[in-house]
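Report on the structure given below.
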Amino acid sequence: MSENLIGYIDDQGSIIDTQSAGENCTAAPIEFDNSEKSLEIIRHSTAHLMAQAIKELYPDAQFFVGPVVDEGFYYDFRVNEKIGEEDLKTIEKKMKELIKKKYKIEKYEISKEEALKKFANDDLKLAVLSRIPDEMVSIYKQGEFEDLCRGPHVPALRFLHNFKLTRVAGAYLGGDENAEMLTRIYGIAFADKESLKNYLTMMAEAKKRDHRKIGAEMELFMFNEESGAGLPFWMPQGAKLRYKLEQILHKAHLVRGYEPVRGPEILKADMWRTSGHYACYGENMYLTEIDGHEYGIKPMNCIGHIQIFKQTQKSYRDLPLRYYEYGVVHRHEKSGVLHGLLRVREFTQDDAHIFCAPEQIASEVLEVVEFVDAVMKLFNFEYTMEISTKPEKAIGEDAVWEIATQGLKDALEGNSLPYTIDEGGGAFYGPKIDIKITDAIGRKWQCGTIQVDFNLPERFEVEYVAEDNSRKRPVMIHRAILGSFERFIGILTEHYAGEFPFFLAPTQVIFVPISESHADYAYALKKKLTLEGIDSEVSDKNDSLNKRIRTAEKQRVPYVVIIGDEEVQNHSVAIRNRRVREQYNLTQDEFMVELTKQLQEGKI
RNA sequence: GCCCAUAUGGCUCAGGGGUAGAGCACUUCCUUGGUAAGGAAGAGGUCGUGAGUUCAAGUCUCACUAUGGGCUCCA
């Protein structure tokens with residue numbers, strides 16, 4: 001048996017550890033390295049080692065489950081003491097001590113009946129056992145420590161050297177919000193030291209581009225304790241960035257036949273009762289009372305658009321009718337889930353509702369998908385799409401669901417865009433496509449969504465006059481592309497690490513006049529840029545030239561333009577282009593051409 | 001909402017039971033410099049909020065607020 005053998009893979013791709021395999025196993029061996037399967041074994045064993053250490057430090061600890069997850073492993077357990085970040089070091093130290101004891105990891109099997117007796121005093125293990133259908137269960141043992149476990153494990157503790165406990169958290173027993181909360185410790189492990197080090201470095205790098213950190217540095221947005229959680233403020237720099245994004249998207253909507261509309265922030269509660277939000281979404285709504293009537297602040301924009309549609313009589317000739325709004329919505333998210341700009345309580349959706357006939361669904365969805373693709377390409381985003389189909393509890397006829405779901409599939413296949421299917425994951429009122437962006441550190445965020453809705457038109461008795469003069473009910477397609485400006489800008493910030501492309505950058509050009517005599521020329525240029533819709537600043541503070549250049553660079557402004565005697569005389573500019581990291585000189589006219597060209601890149 | 005942690009001038013952070021420190025930023029002055037921090041002086045906080053313990057509390061305790069890490073991943 002090889003020194004580095006830690007398991008085998010069978011025909012089905014399942015891992016068999018050395019404890020289970022026996023001497024003459026013919027399956028493909030798994031060597032001790034950083035392959036996916038190898039890491040799975042290593043990390044699972046490290047979780048057990050951690051449990052053993054915890055048991056020694058906290059003898060009353062009871063363990064629930066300790067699986068391998070995408071980002072390492074964790075173990076859920078119950079202790080009487082509080083465990084904080086500081087304690088992780090102690091546990092790590094104990095783990096290292098245990099390794100020195102050179103324990104082998106041994107396995108034996110017992111019947112479930114015996115196991116129930118063995119763990120009679122451990123309600124957590126009994127809970128685990130109750131979910132195992134098998135007759136026989138396995139126990140893994142290392143030194144004094146024994147644990148009910150499916151495996152797989154490395155043969156001995158000597159394989160577990162390169163690990164780090166990363167965080168301590170609370171986790172509900174079985175993920176159930178109403179259940180008891182256990183302590184959870186997360187960790188990561190690799191086969192070698194170098195990989196662990198690289199991983200930790202990568203995490204530190206990712207942290208540097210956290211949108212909250214960059215948002216504060218660049219003065220994009222802020223929160224305020226006195227005003228309340230999850231309520232963002234946009235500072236001038238952030239507002240300039242957001243405005244540019246709004247403008248780019250505004251034009252993109254007009255080109256695609258959308259019409260701008262706007263509904264009120266607050267509507268009578270009866271409206272929300274009719275829509276079903278009051279019953280289904282009421283917990284997340286902010287309600288208030290005015291002159292004896294109950295009102296609700298809108299959590300969604302659909303109702304407003306429906307009222308606008310209904311205000312005048314519509315013909316089949318008007319369809320598809322596309323209304324869009326940068327709709328400000330308020331949702332009472334749980335305090336614990338708020339997260340920078342990525343999850344807030346007030347946000348603005350790039351929301352649109354397309355009223356169309358059922359047979360128009362496919363072509364409309366296709367157009368939206370193309371719109372989404374254009375936006376994603378503009379920012380070089382990777383994204384995936386997922387179609388969610390009819391859930392068990394749903395309204396509407398099967399035939400209509402069929403048309404709508406097929407419409408969604410046709411649209412994606414017609415555009416040769418890959419998608420996955422979430423069977424039964426649709427909303428009760430219709431199927432949907434979710435668009436998920438992968439951000440700079442690999443996290444997936446749901447941003448855009450395309451939902452087909454048969455429900456609201458019904459509830460609000462929306463109608464149009466058909467060709468044969470009969471009254472027909474349109475279908476509504478709800479769609480958002482960014483999802484919300486808040487979340488999208490948060491993701492953009494991390495994606496670009498604050499180095500926004502020229503057409504988005506809050507301040508696009510910063511002029512640095514060498515001395516006071518050059519300031520007038522700088523201000524004249526600034527004015528010229530303003531007329532072209534380009535945001536610029538003049539850095540004429542009483543600081544040294546070097547200092548002002550440094551400050552400008554730190555602000556991540558795409559163009560730093562130095563103005564001295566030479567430039568004033570020749571009507572030229574000396575450019576430090578931060579995006580391409582080059583320095584060069586241009587005439588004023590050439591400069592304007594270059595900037596205008598860059599602005600064009602923001603067109604979709 | 002729940003678990004754990006954190007909360008000191010605009011920002012980043014040090015301090016620590018006897019009435020607060022640094023760097024950056026800010027203000028003023030000198031300096032007018034050709035591509036990442038010129039120099040000097042100055043102003044600014046009662047230590048998240050409220051209560052409690054104590055002769056005495058940023059410093060200990062409790063509550064609240066806010067922020068951060070988590071709460072699908074099933075022996």
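Lettering follows sequence order; numbering is per chain, from 1.
Salt bridge present: A/Asp76 and A/Arg184 bring a charged side-chain N and a carboxylate O closer than 4.0 Å. Salt bridge status for A/Glu180 with A/Arg78: present, with a side-chain N to carboxylate O gap under 4.0 Å. Remark: A/Asp540 does not engage A/Arg548 in a salt bridge, criterion side-chain N to carboxylate O under 4.0 Å. Here A/Asp434 does not pair with A/Lys436 in a salt bridge; the nearest charged N to carboxylate O distance is not below 4.0 Å. Ion pairing between A/Lys213 and A/Glu217 holds under the 4.0 Å rule for side-chain N and carboxylate O. Looking at A/Glu553 and A/Arg576, a side-chain N of the basic residue comes within less than 4.0 Å of a carboxylate O on the acidic one, giving a salt bridge. Under a 4.0 Å N-O distance rule, the pair A/Lys208/A/Glu205 qualifies as a salt bridge.
Atom CD1 in A/Ile185 sits roughly 17 Å away from atom P in B/C73 (whole-Å rounding). Following rounding to the nearest Å, A/Met235 (CE) and B/C11 (C1') show an atom-to-atom distance of 11 Å. Taking atom CZ of residue A/Arg212 and atom P of nucleotide B/A66, one finds them 16 Å apart after rounding to whole Å. Here B/G1 presents its C1' atom at 13 Å from CG of A/Asp176, a figure rounded to the nearest Å. Between A/Phe64 atom CZ and B/U72 atom P the separation is 12 Å, expressed in whole Å. Counting to the nearest Å, the P atom of B/C74 and the CG atom of A/Asp76 are 11 Å from each other. Rounded to a whole Å, the CZ atom of A/Arg345 is 8 Å from the P atom of B/U67. Going from atom OH of A/Tyr172 over to atom P of B/C2 covers 8 Å, rounded to whole Å.
An OP1 or OP2 oxygen of B/G70 is reached within less than 4.0 angstrom by no side-chain nitrogen or oxygen of A/His339. Residue A/Tyr186 places at least one side-chain N or O under 4.0 Å from the OP1 or OP2 atom of B/C71. At B/G70, one or more side-chain N or O atoms of A/Arg167 fall inside 4.0 Å of OP1 or OP2 (strictly under the cut-off).
Using a 4.0 Å heavy-atom criterion, one finds that A/Val69 contacts the bases of the nucleic acid, with or without backbone contacts as well. At a threshold of 4.0 angstrom between heavy atoms, the contacts of A/Asp134 include nucleobase atoms, whether or not backbone atoms are also involved. Contacts of A/Gly230 with the nucleic acid, taken as non-hydrogen atoms under 4.0 Å apart, involve only primed sugar atoms and P, OP1 or OP2. Among the protein residues, A/Thr166 comes within range of no part of the nucleic acid, since none of its heavy atoms lies under 4.0 Å from any strand.
Side chain A/Arg131 to base B/C74: a donor-acceptor pair is found below 3.5 Å.
Taking the P atoms as reference points, B/A56 lies 15 Å from B/A51, given to the whole Å. The separation of B/A14 from B/C2, taken at their P atoms, amounts to 29 Å, rounded to a whole angstrom. Comparing the P positions of B/C11 and B/A41 gives a spacing of 26 Å, expressed to the nearest Å. Atom P of B/G10 sits at a distance of 15 Å from the matching atom of B/U27, rounded to the whole Å. Separation of the P atoms belonging to B/A43 and B/U8 is 24 Å when rounded to the nearest angstrom. As rounded to the nearest Å, B/U31 and B/A66 have C1' atoms that lie 44 Å from one another. Taking atom P in both B/G21 and B/G42, one finds a spacing of 15 Å when rounded to whole Å. For the C1' atom pair drawn from B/A22 and B/U65, the interatomic distance equals 29 Å after rounding to whole Å.
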**Request:** State the dot-bracket string of RNA chain B. Criteria: Watson-Crick or G-U wobble, both atom distances under 3.5 angstrom; notation: ( ) intrastrand, [ ] crossing earlier pairs, | interstrand, . unpaired.
**Result:** (((((((..((((.......)))).(((((.......))))).....(((((.......))))))))))))....
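Judged by the 6.0 Å distance and 45° axis criteria, A/Arg43 is positioned over the aromatic ring of A/Phe190.
For the salt bridge (Lys or Arg N to Asp or Glu O under 4.0 Å) test with A/Glu499, the passing option among A/Arg556, A/Lys554, A/Arg579 is A/Arg579; the others fail.
With sequence neighbours excluded, the residues satisfying side chain to side chain donor-acceptor pair (under 3.5 Å) with A/Glu486 are A/Arg242. Among residues two or more places apart in sequence or in another chain, the side chain to side chain donor-acceptor pair (under 3.5 Å) test is passed with A/Lys37 by none. Among residues two or more places apart in sequence or in another chain, the side chain to side chain donor-acceptor pair (under 3.5 Å) test is passed with A/Asp122 by A/Gln62.
By the rule that a glycosidic angle within 90° of 0 means syn, B/G58 counts as syn.
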**Request:** Starting at the 5' end of nucleotides 3-9 of chain B, put B wherever the base has a protein heavy atom under 4.0 Å, S where only the sugar-phosphate does, and a dash everywhere else.
**Result:** BS-----
**Message:** Generate the contact string for nucleotides 25-38 of chain B. Rules: B means base contact, S means sugar-phosphate contact only, - means no protein heavy atom under 4.0 Å.
**Reply:** SS---BBBBBBBBB
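A/Lys240 NZ: more than 12 foreign heavy atoms inside a 6.0 Å radius.
Aromatic rings from A/His44 and A/Phe73 are positioned such that their centres are separated by 6.0 Å or more.
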